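Accompanying notes for the structure given below.
Ligands are counted one by one from 1 in listed order, and the atoms in each one are counted from 1 as well. One is the number of the first residue; the rest follow in order along the sequence. Model, not experiment: these values are computed from the prediction.
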Amino acid sequence: MSRSLASLGFAAGLLVSTGAWAVELSISCSALGKEYEICKQGVDAWAQRTGNTVKIVSTPNSATERLALFQQLLAAGAGDIDVFQIDVVSTGTLAQHLLDLSSKAQGSIGDHLPAMAETSRVGGKLVAVPWFADAGLLYYRQDLLDKYKRPVPQTWADLTETARLIQEGERKEGRGDFWGYVWQGRAYEGLATNALEWVASYNGGTIVDDKGEVTIENPKAAEALKLAAGWVGTITPEGVLNYTEEESRGVFQAGNAVFMRNWPYAWALAQGADSTIKGKVGIAPLPKGGPDGHHAGTLGGQLLAVSKYSKNADAATDLVMYLTGEDEQKRRAVQGSFNPTIVSLYSDSDIAKANPFIGDLVDVFTNAVARPATVTGQNYNKVSTEFFNAVHQVLSKRAEAAQALNRLDRDLKRIKRNGWE
Ligand code: GLC
C-alpha cells in the first residue's frame, strides 16, 4: 500500500516535471524596437518555471491598428489569445471582454502609479494590471547643441529656431537628409498623443475636460496646431505625416535629426551598443507653448489583461502576475527602459543608473497629461479618431486650424449627444 502510494506520488512528480499537465498559452505583446525580445525573455522565464508553453503573437506597431485587431478577435469571442497587452486608453473599450482579476491582483494594485491603477478598474472590475508607464519626451542631440552653442529649448519657438539653425548648418556641410525635428504624424493614436501635448502646452485643454465638456475649439488649440503645421516641410520631413514611433526613431537614431519626440523605450535603443548616436543624446521635457504655457507630456502606458474567452484563465492570470511583478518590471526597465508602474522601483539604483532621465524628469511623469479616456468611456476611440483626423488635415494643409477645430467640436458633440456612456 505504502509502496504504491509512494510510486503514485513519484509518478505525479514526474508528470509535473516533464510538463505533461502543461498548457499552451498565447500572449500578444507589441514589438517596438527590442520590445518583442524583452517580452519573450520574460515569457520564457515564466514558461520554464511553470512547465507551460507560451506563444507570442506579434501585433501591428500602430496603436490604432492594434486596438482594431483586438476588437475584432474579442468580438468574435475568439480564445486564440489568452493575454492581451492593452493600451492605457483602451481598458474601458475592451472591459466587457476581459476577466475580472480582482481575486488575484486586488491586493497589490495599490503598489502601482495611481494614474495607471485608476485605468485598470472599469465598472468595479479589475480588468488589467499595469505593466509599464509612458510619457512623451523630447530627445535631443547634445553634441549638436554644443557644436552650435544652443541650450535645450524651453519653448516651441526656441525649438523651431534651434532646429532650423542646426538643420541649415548640417545641410551646408553636405548632409542633405538632415532634419530638425521628427515626431509621430500618421493619422493614428500616436498623433493624438503628440497633438494633445501641443494643445495642452499652450493651455488649450485636453479635448474634452474632466466634466465631459468638449473644449477643443479654442484659440490656444488653434495656435498650437498652426505651429505644428508650420514644421511640416520645413524642420520636419513631409514623410512625418505617415510616421509612427519607429519611423521617427529610425531617422533620429541614424543621426539624421537633432530633435525627436518619443516615449522612454527609445532611450535604451539610442544608447545601445550598435547605435550611431550612443552617448550623444539627452532627454528633456517637451517645450512649453510660449512663456505662459507649460511643459506637457501625454500619459501613455500598457497593462496586461486576460481574455474572458481564455480556456486557461488560471495559468494566464499567473503569467500576468509574473510579468507585471517587481522583478520583471525591474528587468524590463534596466534592459529596455520601460518605465515601471510599481512606485517603489523609482528608488531602485540599477534602474536609475540605466535611465538617468527617470529621476531627472520626475515632474514629467507625475504630471503627465491624461487623454480623456475615462470621461468618454466606450466612446474614447471615436473621440480620438475624430481628433487625430482633424489634426492630420491641418498638418497636411487640407484645412485651416480654426476651421478644422470648429468641425471637430461639432463632430464630438454629436458623438456625445446626451452624455458619453
Ligand atoms: C504608446 C503608449 C500608448 C499610446 C501609444 C500611441 O504605446 O504607451 O499609451 O496610445 O504609444 O502610439
* Note: Glu35-Lys40 ion pair, threshold 4.0 Å (strictly below) -> no
* Decide, yes or no, whether a salt bridge links Arg66 with Glu189 under the criterion of side-chain N to carboxylate O below 4.0 Å. => no
* To do: Mark the output for Tyr188 as yes if a heavy-atom distance to ligand 1 is under 4.0 Å, and as no if none is.
  => yes
* Asked: Quick check: does Gly301 get an N/O under 3.5 Å from an N/O on ligand 1?
  -> yes
* Side chain or backbone of Gln184 under 4.0 Å from ligand 1, or both, or neither, by non-hydrogen atoms? -> neither
* atom 11 (O) of ligand 1: which protein heavy atom is closest, and how many Å away? -> Trp263 NE1, 3.1 Å
* Apply the ring pair (Phe, Tyr, Trp, His ring centres under 6.0 Å) test between Trp183 and each candidate in Tyr139, Trp198, Tyr243, Trp263; give the one that qualifies. => Trp198
* To do: Report the part of Arg66 (side chain from C-beta onward, or backbone N, CA, C, O) that has a heavy atom under 4.0 Å from ligand 1; answer both or neither where that applies.
  => neither
* Taking 4.0 angstrom as the limit, do Arg261 and Glu245 come out as a salt bridge? -> no
* Structure fact -> atom 10 (O) of ligand 1 has as its nearest protein heavy atom Asp87 OD2, 2.6 Å
* **From CG (Asp348) to CD1 (Ile358), nearest 0.5 Å** => 10.0 Å
* Structure fact -> closest protein heavy atom to atom 8 (O) of ligand 1 is Asp134 OD2, 2.6 Å
* Asked: In the protein, which heavy atom is nearest to atom 12 (O) of ligand 1, and how far is it?
  -> Glu245 OE2, 2.6 Å
* Structure fact -> Counting from 1 in the order shown, the ligand 1 atoms closer than 4.0 Å to a non-hydrogen atom of Glu189 are 10 (O)
* To do: Please could you name the atoms of ligand 1 that Gly190 approaches to less than 4.0 Å, counting only its heavy atoms?
  => 6 (C), 12 (O)
* Should you measure from each heavy atom of Val88, which atoms of ligand 1 turn up under 4.0 Å away? -> 9 (O)
* Salt-bridge present (Arg331, Asp327; N to O < 4.0 Å) -> no
* **Arg332 to Phe338, cation-pi by 6.0 Å centre distance and 45° axis angle** => yes
* Sole candidate of Thr341, Asp134, Ile109 that passes side chain to side chain contact (heavy atoms under 4.5 Å, CB included) when paired with Met116 -> Thr341
* Asked: Who's the nearest protein heavy-atom neighbour of atom 7 (O) of ligand 1, and how far?
  -> Gln302 NE2, 3.1 Å
